[in-house]
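Only this structure's heavy atoms are used, side chains among them; waters, hydrogens and symmetry mates stay out. Residue numbering restarts at 1 for every chain, and letters A, B, ... go by the order of the sequence lines.
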There are 2 protein chains.
Amino acid sequence: MARKQGSHAGVTGPKVRAAALRLIARYGYAAVSMRQIAAAVGVQAGALYNYTPDKQSLLFDLMHSHMVALLDALDGANLQGSPLQQLEQFTRFHIRFHLPRADDVFVSYMELRNLSEQNFAKIEALRHAYEDRLEAILKAGQDTGDFAVPDTRITTMALIAMLTGLEKWYRSDGRLGVAEIEGMYWDLVRKAVAA
Amino acid sequence: MARKQGSHAGVTGPKVRAAALRLIARYGYAAVSMRQIAAAVGVQAGALYNYTPDKQSLLFDLMHSHMVALLDALDGANLQGSPLQQLEQFTRFHIRFHLPRADDVFVSYMELRNLSEQNFAKIEALRHAYEDRLEAILKAGQDTGDFAVPDTRITTMALIAMLTGLEKWYRSDGRLGVAEIEGMYWDLVRKAVAA
DNA sequence: GTCTATAGCGGGATAGAC
DNA sequence: GTCTATCCCGCTATAGAC
């Protein structure tokens, strides 16, 4: 509470990010203007530049935060046990982490084209690191004979695409709860890689 | 050959569509200008309006053509045999149809947000029809006991997401040929739905 | 069917007052 | 930290000559 009275620091910044995330997820980065974001926050367009040097940096920050949060959460999940157990933990973690973050997922997977070359490389590296976690589990299970997949890299991409595709149709007010969804997807994953 | 000499009709139109498809796939609908498309074709921007009433219609035509071609090709594939055989045929058909059409796939799956409400509804109906073909196979196999999936609708979405995700990483000059890819994905699909 | 020219609008980003 | 005002640019779409 030592913050200066009347200052909006620490309040407007997150609001800008939240508004940008929501608008970009809905309409796309190129289609959303700084004026629209400002209006959603309740400020004039010029004020946004107190929080981001430019529009491109704003997009990058959103995507970077999402990927870092994803990797941190995966570290925190502390997967352990047999390859089969770790694969189940990974599957459930992936669904639980992504389902409540539909906007982040849409932005992070659909706006890659709109990143500058350097920003793209950074995001891709993080995404690759995440994929590698899954592939390591598949490789371990392949070695122990628990799994029998045609190719660990291709299976990694196939499983992540399958799990992430969930975002496209899942509605939290639908007929199925998260726990049921998790169970069904785990069932598909488990059988697909089974020896 | 009765076409008037000096007329570009029948030539420029397809060029416009091809250039628009390529540019939109790469940079996104909102980020591509009519001037860019015109430059790629080799005409001035105003000339494009001889081939489309506006930019939105151009996008819709690209997506609509793709979906109609997909459904027509599926009809032409004439799937038959047991549910297991039909599922294999569908899986291989899906991969063979989509792999050489990366631009169409990107546009059709990433530009839905940029369609007008009415155009969106038409494309969604076509996409739904395609999904229904796969779900019908799963239901049939569920009835005969060949398959044991948790939910035919969810499995449909999961399998299509998995198969379409192939577009994101496949490179025709990579280490794997189409036949090998088909085999690996069919392996994953077959096991995932197995009883 | 294509061109040039332009209307009319909205974009990102900055300057300087408060 | 936010405002107003503005610069400069590019956009879609149209008009009218050829």
Checklist line | Nucleotide C/dG11, atom P - distance to CG of A/Asp54 in whole Å | finding: 17 Å
Notebook entry, point to check: With sequence neighbours excluded, what pairs up with A/Asp72 under the side-chain hydrogen bond (donor to acceptor under 3.5 Å, both in side chains) test?
Noted result: none
Check: Contacts to DNA chain D from residues 20-28 of chain B, heavy-atom cutoff under 4.0 Å, which residues?
Finding: none
Checklist line | Exercise: identify the closest heavy-atom pair between A/Ile37 and A/Leu23 | finding: CA-CD1, 3.8 Å
Check: By side-chain hydrogen bond (donor to acceptor under 3.5 Å, both in side chains), which residues pair with B/Arg175, not counting sequence neighbours?
Finding: A/Asp151
Checklist line | Partners meeting side-chain hydrogen bond (donor to acceptor under 3.5 Å, both in side chains) with B/Tyr27 (sequence neighbours left out) | finding: none
Note to self: Does B/Val41 reach a base, just sugar-phosphate, or nothing at all? Heavy atoms under 4.0 Å.
What the structure shows: nothing
Margin query: Which Ile, Leu, Val, Met, Phe, Trp or Tyr residues join B/Phe106 in one cluster when any pair of side-chain heavy atoms under 4.5 Å counts as a link?
Written below: A/Phe106, A/Met110, B/Met110
Check: Could you give the CG-to-P distance, from A/Leu58 to C/dG11, as a whole number of Å?
Finding: 16 Å
Next item on the list: Scan residues 57-71 of chain B for pairs that pass side chain to side chain donor-acceptor pair (under 3.5 Å), counting only residues two or more places apart or in two chains.
Entry: B/Arg17-B/Ser65, B/Asp54-B/Ser57
Check: Which residues satisfy the side-chain contact (heavy atoms from CB on, under 4.5 Å) test with A/Tyr49, sequence neighbours excluded?
Finding: A/Met34
Notebook entry, point to check: Roughly, in whole Å, what's the span from NZ in A/Lys55 to P in C/dA13?
Noted result: 8 Å
Next item on the list: Using whole Å, report how far CG of A/Leu48 lies from P of D/dT2.
Entry: 9 Å
Notebook entry, point to check: Can you tell me how far C1' of C/dA13 sits from CD1 of A/Ile37, to the nearest Å?
Noted result: 13 Å
Notebook entry, point to check: Quick one: B/Tyr51 OH to C/dG1 C1', roughly how many Å, whole number?
Noted result: 6 Å
Measure all distances between protein nitrogen or oxygen atoms and nitrogen or oxygen atoms of nucleotides 3-9 of chain C, and list the pairs falling under 3.5 Å.
residue: C/dC3; atom: OP2; partner: B/Gln44; partner atom: N; Å: 2.6

Margin query: So which atom in B/Gly141 and which in B/Pro83 form the shortest heavy-atom distance, rounded to 0.1 Å?
Written below: CA-CB, 3.5 Å
Next item on the list: Rounded to the nearest angstrom, tell me the gap between atom CE in B/Met34 and atom C1' in C/dT2.
Entry: 15 Å
Margin query: B/Glu88: which residues meet the side-chain hydrogen bond (donor to acceptor under 3.5 Å, both in side chains) condition with it, sequence neighbours left out?
Written below: B/Arg92
Margin query: Could you work out how much the helix from C/dG1-D/dC18 to C/dC18-D/dG1 bends, comparing the axis of its first five pairs with that of its last five, to 10°?
Written below: 0°
Check: Quick one: side chain to side chain donor-acceptor pair (under 3.5 Å) pairs with a partner in residues 183-195 of chain A, sequence neighbours left out?
Finding: A/Trp169-A/Tyr185, A/Asp187-A/Arg190
Notebook entry, point to check: Residues two or more places apart in sequence or in another chain: which of them pass salt bridge (Lys or Arg N to Asp or Glu O under 4.0 Å) with A/Arg113?
Noted result: B/Glu111
Margin query: OP1 or OP2 of C/dT2 versus the side-chain N and O atoms of B/Thr12: is any pair under 4.0 Å?
Written below: yes
Next item on the list: May I have the distance from A/Tyr49 (atom OH) to D/dT6 (atom P), rounded to whole angstrom?
Entry: 19 Å
Note to self: So, does B/Ser33 get its side chain near the phosphate of D/dC11, meaning an N or O under 4.0 Å from OP1 or OP2?
What the structure shows: yes
